[in-house]
There are 2 protein chains.
Amino acid sequence: MKTEESSKDLLFNSPESVFYTISKEDKEYLLKNTECRSYKKNELVFLENTKPAGLICLSDGKVKIFKEGAGGRDQIIRLSRPGGFIGYRALFAGQNYHASAVSLEVSIACTIEKNALFSVMKNDPNLTFAILKSLATELGVSNMRTVSLTQKHIRGRLAESLLFLIETYGYFDDGLTIKALLSREDIASLSNMTTSNAIRTLSTFAQEGVIGLEGRRIKIIDVKMLQKISNIG
Amino acid sequence: MKTEESSKDLLFNSPESVFYTISKEDKEYLLKNTECRSYKKNELVFLENTKPAGLICLSDGKVKIFKEGAGGRDQIIRLSRPGGFIGYRALFAGQNYHASAVSLEVSIACTIEKNALFSVMKNDPNLTFAILKSLATELGVSNMRTVSLTQKHIRGRLAESLLFLIETYGYFDDGLTIKALLSREDIASLSNMTTSNAIRTLSTFAQEGVIGLEGRRIKIIDVKMLQKISNIG
DNA sequence: AGATTTTTATGTTTTATAACAAACTAATTT
DNA sequence: AAATTAGTTTGTTATAAAACATAAAAATCT
């Protein structure tokens, strides 16, 4: 299990981090202005329409970013994994959050205070450029998702979501079970359908031998078929 | 009518441009590496899956950015107006275009060559920061749109599209007619519905006295009502 | 351990919207 | 000006998915 202290280390000293290559002084300065805390399952990380305090980096666990839609039906915009940033869109746009974030399991997240981060960025074009690239990439995913969610049918959307979960969280040690135990409701919110239809379609996939179901565990039996279902829409 | 020469001026010397405040030398350098050209109506500006050559700025006219979906049904991701950038997501993500761009009317667009732009950005954190802000803002719009398109009903989606057109292009001198003469098919692609349903729903709105229709001209009679329809979804 | 709530499951009905069809109108081309 | 093509309109039918309903199972609380 990770601690709140070791979390700062992941954020600033792992080679994949955009902060890995910044100067020693900048690193020390940001470190002093970063706070980590842990979240229980289903705890709010930030709330729609509030102001970002800084850049939040997920260090351990899983967080969903979602918008509440008409009739209480949520729409999951994004899922975050350790090492990923959350809520940075609003921060850099200078806006309030457009969505809320809630942990899906016990999680640790670190917040780099806004002004400290900005002052470092203003003197480090490479850092700003790296963040720009990351945001641009995310915008691409978001645009693709818009098309998928609006044009694919239920089976295609669900298949795409399962592939997305595999991509994001990978498998347990068995190499088959998706390493994410979402509720059926969350799977529905991710795939833009009602919970009933998510359950129904999952069990159809299971009957067809594409996946296996054991409670919240989803075993992927036939990835190729899943990709095919996702592609034909 | 704008010329290709005066277009460069808009891009670098208008106070709203992100390039307005860059140094004189940088401006001259970018100016040398910028090319403007005009496009006929329905001409391709860039094609999905090709590599961006630089940052494209629309100087005059209107351009739609769209993705071809299943069964030839397009999805308009974004509409650009003079002063706006197009295709910058792919450029900064270091990817090929995920969508295509086509002019909706006679247009002029300027392209700042990629490497020239990047070298200026690497030395001007403020410029990079400004572009980051702009991208973050767009990502917000994109996320909101995802939720609207997936959760609102036909009437709500169409009303939202009309309001979006007003916001983007404003009115003709009469203060009533939307300054954008889109085909019914484009209105459908923007609202994620079939052309038939776009036409049908437009004429329902007209019957209800919310809008007036004269060919492709759409007169907004009751904005409040339109906002209400958009909000209730 | 029992009670209560939440989550999952499945069947039935209703409805919004796509798909199809056919005609009419406007815009281009020859 | 006639012919051709592209775009618009309206009506009908088919269908995917939501809404509703009920029950079983699992998780949580007392």
Side-chain angles (χ1 to χ4, degrees), chain A residues 40-43 64 69-75 102 104-106 147-161 180-208 211-218 229 232-233, chain B residues 40-43 64 69-75 102 104-106 148-161 180-207 211-218 229 232-233:
Chain A
K40 289 180 279 190
K41 189 175 169 175
N42 290 323
E43 200 178 343
K64 65 172 170 182
R73 236 179 94 224
D74 291 347
Q75 166 84 48
V102 163
L104 292 173
E105 53 188 60
V106 175
V147 176
S148 293
L149 286 183
T150 53
Q151 298 207 341
K152 283 185 186 173
H153 285 179
I154 275 202
R155 286 170 59 88
R157 298 204 303 272
L158 183 64
E160 192 181 89
S161 290
L181 305 176
L182 304 202
S183 69
R184 299 295 195 251
E185 194 181 358
D186 279 335
I187 293 175
S189 299
L190 188 65
S191 315
N192 187 42
M193 59 186 66
T194 55
T195 307
S196 296
N197 278 329
I199 291 166
R200 216 186 299 268
T201 311
L202 277 173
S203 69
T204 308
F205 283 178
Q207 274 163 40
E208 292 169 352
I211 61 171
L213 296 170
E214 290 163 47
R216 290 192 175 183
R217 281 160 199 280
I218 300 173
I229 296 170
I232 61 175
Chain B
K40 288 181 279 192
K41 189 175 170 175
N42 291 323
E43 201 179 342
K64 65 172 170 182
R73 239 178 92 225
D74 290 347
Q75 166 84 49
V102 163
L104 292 172
E105 55 188 57
V106 175
S148 294
L149 286 184
T150 52
Q151 298 207 340
K152 285 185 184 174
H153 285 180
I154 275 202
R155 286 170 61 88
R157 297 205 302 271
L158 183 64
E160 190 181 88
S161 290
L181 305 175
L182 303 201
S183 69
R184 299 295 195 249
E185 194 182 356
D186 278 336
I187 293 175
S189 299
L190 189 64
S191 315
N192 186 42
M193 60 187 68
T194 55
T195 308
S196 295
N197 277 330
I199 291 165
R200 217 185 299 267
T201 311
L202 277 173
S203 70
T204 309
F205 283 178
Q207 275 164 38
I211 62 172
L213 294 170
E214 290 163 46
R216 291 192 174 183
R217 281 161 200 280
I218 300 173
I229 295 170
I232 60 176

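Each chain gets a letter, A, B and so on, in the order its sequence line appears, and its residues count up from 1. Values reported hereafter were calculated over all heavy atoms of this structure, with side chains retained and with hydrogens, waters and symmetry mates removed.
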Is atom CD of A/Glu185 surrounded by more than 12 heavy atoms (other residues, nucleotides or ligands) closer than 6.0 Å? no
For A/Arg217, does the CZ atom sit with more than 12 other heavy atoms under 6.0 Å from it, leaving out its own atoms? no
Which atom names give the shortest non-hydrogen contact between A/Leu213 and A/Ala206, and what distance separates them? CD1-CB, 4.0 Å
Looking at B/Glu160 and B/Lys152, what are the two nearest heavy atoms and their distance? OE2-NZ, 2.6 Å
In this structure, how many angstroms lie between the [atom2] atom of [N] and the [atom1] atom of [X], rounded?
X        : N      : atom1 : atom2 : answer
A/His153 : D/dT15 : NE2   : P     : 12 Å
B/Lys152 : C/dA16 : NZ    : P     : 17 Å
B/Asn192 : C/dA16 : CG    : C1'   : 13 Å
B/Arg157 : C/dA16 : CZ    : P     : 13 Å
A/Arg217 : D/dA26 : CZ    : C1'   : 15 Å
B/Leu182 : D/dG7  : CG    : P     : 13 Å
A/Arg184 : D/dA25 : CZ    : P     : 15 Å
B/Leu213 : D/dT8  : CG    : C1'   : 11 Å

Identify, residue by residue, the members of residues 195-207 of chain B with a heavy atom below 4.0 Å from DNA chain D, and return them in order of residue number, or none. B/Ser196, B/Ile199, B/Arg200, B/Ser203
Between the side chain of A/Thr201 and the main-chain N/O of A/Ala198, is any donor-acceptor distance below 3.5 Å? no
Heavy-atom check, side chain of B/Thr150 versus side chain of B/Asn192, under 4.5 Å: no
Can you check whether A/Leu182 reaches A/Lys64 side chain to side chain, under 4.5 Å on heavy atoms? no
Does D/dA18 have OP1 or OP2 sitting under 4.0 Å from an N or O in the side chain of A/Thr194? yes
What nucleotide, of C/dA18, D/dA18, D/dT8, holds the atom closest to the side chain of A/Ile154? D/dA18
Any base atoms under 4.0 Å from B/Arg216, or only sugar-phosphate, or nothing? Heavy atoms, all strands. sugar-phosphate
